[in-house]
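Here the structure comes first, spelled out in structure tokens, and everything after it is commentary.
In the text below, chain A, chain B and the rest are named by the order of the sequence lines, each starting its count at 1. When reading the values below, keep in mind they use all heavy atoms of this one structure, side chains included, and skip hydrogens, waters and symmetry mates.
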Amino acid sequence: MRFFNTLTRRLEEFREIEKGKIGLYTCGPTVYDYPHIGNYRSYVFEDLVKRFFIFSGYRVRHVMNITDIDDKTIRKANELGVPLAEVTQKFIDAFHGDLRRLNILKADVYPRATEHIPEMLSLIAVLLDKGFAYKKDGSVYFSIESFKEYGRLANIDRDKLKPGAAVDSDEYDKEAVQDFVLWKGRKSGEPSWPAAFGEGRPGWHIECSAMSMKYLGAHFDIHMGGVDNIFPHHENEIAQSECANGRTFVNYWLHCQHLVVDNRKMSKSLGNVYTMDDLRQRGLDPMAVRYLLISSHYRKLLNFTFAGLEMAGQALNRIKNFIFSLKNVRAEGDADPDLCAAIDASLNAFRKNMADDFNVSGALGVMFDLIHEVNPRLNALSQKDAANVLDYLQRLNTVLGVLDQGESAPLAADIEEKIAQREKARKGKDFALADAIRAELKKQGIVLLDTPDGVKWKKE
RNA sequence: GGCGGCGUAGCCAAGUGGUAAGGCAGCGCUCUGCAAAAGCGCUAUUCAUCGGUUCAAAUCCGGUCGCCGCCUCCA
């Protein structure tokens, strides 16, 4: 398996630290608002990567942080005039609801910054102790000058560094990279914690170093996030962690490109920032959203449009209809060895595409090829064949996660009755009545299909 | 100003030296009481453009045009 490592800006063959196991850290949400589809492009991609590793036989330990204290969350709490924890909890709950809807596997741990203050304090103490950090006006700063590797991840020219120029906020001067804050001295209107170096609260970056270290160790395999995190967030994480521990922090950095909406950057002023709830209110299927988000390469800008969502939904329908047909296969007989071989080849091709820098488009193409190959032979399939194909799709779906499970609810007795009535009408050539019954069921979301094998139905 | 990316059919999107995957839409046909669904077939002599390297380029090199991202809050 190989993929693009931001650290080296090259495709690299993946080698885990401990055989068969992967430590994965993904930057989670700052819970000051509802996450939008752009955020979810990253989270869905991270989920895809994780699922593919699991599919490939690895045991993945996944940690996703929740930033529940920073400039933005504090600002929001003050705006609303409610306690910080109340605001953050609301958005954490919303976040988890969205994860469920998007069929994103749960992380092993969702550590919150506010619950790891002691870990951050001791990390800062180490940095002070080793001379990588300094105190100034009640705050503690990291000295970028002290770390010669600083700027490597973001590919920043060291001449643009501005050592000794400390920034207290998480906002950066674009002219030069500056020393960043590890611990912010107490300000009125902000929550604070006691510390040896003065009461205050953590800077933004320190939480990820402290929490990843706690749950994954000082050195782990993969760290992911959106491209915007490369600088300054991940650059700073590396600086903090490597200086404190005196060793490599992370082997592979994977970053997901942003998405735009109708070819324009999402922004509140353009009114094109969509949350999952916005999409749900428009009656859009979260699985179509997921399909759309994964279907183009993660290092390319994704243009999100409603037309694109429509296409994604249709593509998904093609798969679902295929599954529907397979489930209706009734013929007895043995499994066809040719089909087994075709399935096998397809599974390998799928794996090969995914293992090549997560080429989802290629992998999806492989799946549709198999569908295309089996569809014309549906009538010749045995139940065993159908089961094998269904099994194949199920396996792919453990990676793709675009087919929601457990659909077919049992038919209510009165619907069965209606179908029987309609059949009777059709036999008697009373097509007006037959069509009326069809229309009636359609209103209930039941679609009838008249096939040579009798009437079949499915939910719309 | 610094760093980086992209331009492949009506739309979405793979392919990165060996002669254009796949999905959506469209058209034709099959099936059918009708319809829906499904299936089959067709749909890029061509990969923004100009030039170069090569037996061979969408793929490599150089120029041009166009679009975009990050460097600022942000996934």
Any base atoms under 4.0 Å from A/Gly38, or only sugar-phosphate, or nothing? Heavy atoms, all strands.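 Base, at least one base heavy atom under 4.0 Å.
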To the nearest Å, give me how far apart CG (A/Asp356) and C1' (B/rA21) are. 14 Å
A/Phe180 CZ to B/rU72 C1', straight-line distance once rounded to whole Å: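 Atom CZ in A/Phe180 sits about 18 Å away from atom C1' in B/rU72.
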Respond yes when some side-chain nitrogen or oxygen of [X] is under 4.0 Å from OP1 or OP2 of [N], and no when none is.
X        : N      : value
A/Asn375 : B/rG39 : yes
A/Gln314 : B/rA25 : yes
A/Asn155 : B/rC3  : no

When the ring planes of A/Tyr34 and A/Phe91 are compared, do they come out parallel, tilted or perpendicular, using 30° and 60° as the limits?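 A/Tyr34 vs A/Phe91 ring planes: perpendicular.
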Specify whether A/Tyr252 and A/Phe14 have parallel, tilted or perpendicular ring planes, treating 30° as the upper limit for parallel and 60° as the lower limit for perpendicular. tilted
Could you work out which one of [options] sits closest to the side chain of [X]?
X        : options                : value
A/Ser361 : B/rG39, B/rC34, B/rA21 : B/rA21
A/Phe231 : B/rG23, B/rG22, B/rU72 : B/rU72
A/Ala434 : B/rC40, B/rG33, B/rC3  : B/rG33
A/His372 : B/rU72, B/rC70, B/rC40 : B/rC40
A/Arg318 : B/rG39, B/rA14, B/rC73 : B/rG39
A/Met266 : B/rA75, B/rG7, B/rC34  : B/rA75

With the stacking rule set at 5.5 Å and 30°, tell me whether A/His297 counts as stacking on B/rA13.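 Stacking is absent between B/rA13 and A/His297, given that the ring centres and planes do not meet under 5.5 Å and under 30°.
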A/Phe431 stacking on B/rG33: centroids under 5.5 Å, ring planes under 30°?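 By the stated criterion, A/Phe431 and B/rG33 stack.
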Sticking with atom P, work out how far B/rA38 lies from B/rG23, rounded to a whole angstrom. 13 Å
Write down the distance separating the C1' atoms in B/rU64 and B/rG7, rounded off to the nearest Å.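 That atom pair is separated by 14 Å.
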Could you check whether A/Phe180 and A/Tyr141 have their ring centres less than 6.0 Å apart?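 Centroid separation for A/Tyr141 and A/Phe180: 6.0 Å or greater.
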B/rU54 pairs with which nucleotide, Watson-Crick or G-U wobble, both distances below 3.5 Å? none
Checking only heavy atoms, does the side chain of A/Arg438 share a donor-acceptor pair with the base of B/rA35 at less than 3.5 Å? yes
With nearest nucleotide decided by heavy atoms, which residue, A/Asn317 or A/Arg41, maps closer to the 5′ end of RNA chain B? A/Asn317
Kindly indicate whether a cation-pi arrangement holds for A/Arg395 with A/Phe350, taking the cut-offs as under 6.0 Å to the six-membered ring centre and within 45° of the axis. no
